[in-house]
Amino acid sequence: MSIILGIDVGGSGIKGAPVDLTAGEWAVDRVRIPTPKKSTPQNVAAVMAEIIDEFKDHVGDNPVGITFPAPIVHGRIPFIANLDQEWAGLEADKYLEDKLGRKITLVNDADAAGLAEVHFGAAKGHPGLVVMTTLGTGIGTAIIYRGVLVPNAELGHIEMNGKDAEKQAASSIKDKEGLSYKQWAKRLQQYYSTLEMLLSPDLFVVGGGVSRDWDEFGPLLELNTEIIPATLRNRAGIIGAAIAAQDAIENPDMLAQPH
Ligand code: BGC
């Protein structure tokens, strides 16, 4: 099965496209629907249903991969920082399978982006320890060693200066506080130096919409570890969701998020 629908749930938009997993490309253009103001399970599931309906001719009854901005532990969401709190504690896989009437695989959004970059993007085929970070509403992180994902790393929430790191260094904070790239890069420097000390990675990949402006802040970072921008940009979540769904089909007993 090589065409699988990927859906990427973010704080501002819910995006989906059928993914050709041989090429690592969208098979047809994506759709984007704004995330409902009240991002409850019911409202978000209704948007997902709309996206599935849009692409039903391409993906038939195939399972769907869905990213979420939260850890996913055996289909359950233990906590969530940037969507409605009704999601916290929910058996989200069962809830969504029931609402959407098909098999789904849920995966953390940064894990999906990391999988996509390692399969098809900036870290393609990397032989060592890759730490993917997504800078957006929050900070998402993924740890991938020799192509294998260690799921649910929540390193956006490490403590920095006594506070949650993502509340100081996410790109949404740059916008909210009106920081220049230079001011923001100082915070990123502290953040990435801490990750470097904790994990000794071989490579950092920086994703999220702001990676488009890499030239403005990337060269300001001084690390021992190589650090590069993501290449799949806004395609990474959708492609990674489809990779996770395919993995669940092929290895039903081997997943961190089994059904
Ligand atoms: C969440 C992570 C997520 C990241 C990016 C954080 O607040 O805890 O699970 O990957 O935001 O969306």
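Computed from a predicted model, the values in this text were never measured in an experiment. One-based numbering, in listed order, for ligands and for the atoms of each.
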- line: Residues passing the side-chain hydrogen bond (donor to acceptor under 3.5 Å, both in side chains) test with Asp213, sequence neighbours excluded, are Tyr181
- prompt: Would you call Arg102 and Glu97 a salt bridge, taking side-chain N to carboxylate O under 4.0 Å as the test?
  reply: no
message: For the backbone of Gly140 and the side chain of Thr134, can you confirm whether one donor and one acceptor N or O come within less than 3.5 Å of each other?
response: yes
query: Do the non-hydrogen side-chain atoms of Arg146 and Leu129 ever get within less than 4.5 Å of each other?
result: no
Salt-bridge contact Glu25-Arg235 (side-chain N to carboxylate O under 4.0 Å): yes
Write none if no such pair exists; otherwise list each N/O atom of ligand 1 with its protein N/O partner under 3.5 Å and the distance.
from     : atom 1 : to     : atom 2 : distance (Å)
ligand 1 : 7 (O)  : Asn82  : ND2    : 3.4
ligand 1 : 7 (O)  : His157 : NE2    : 3.2
ligand 1 : 7 (O)  : Glu166 : OE1    : 2.8
ligand 1 : 7 (O)  : Glu166 : OE2    : 3.0
ligand 1 : 8 (O)  : Glu154 : OE1    : 2.6
ligand 1 : 8 (O)  : His157 : NE2    : 2.7
ligand 1 : 9 (O)  : Ala70  : N      : 3.3
ligand 1 : 9 (O)  : Asn108 : ND2    : 2.9
ligand 1 : 9 (O)  : Glu154 : OE1    : 3.3
ligand 1 : 9 (O)  : Glu154 : OE2    : 2.6
ligand 1 : 10 (O) : Asn108 : ND2    : 3.2
ligand 1 : 10 (O) : Asp109 : OD1    : 2.5
ligand 1 : 12 (O) : Asp109 : OD2    : 2.6

message: Can you tell whether the side chains of Arg30 and Glu54 come within less than 4.0 Å, N to carboxylate O?
response: no
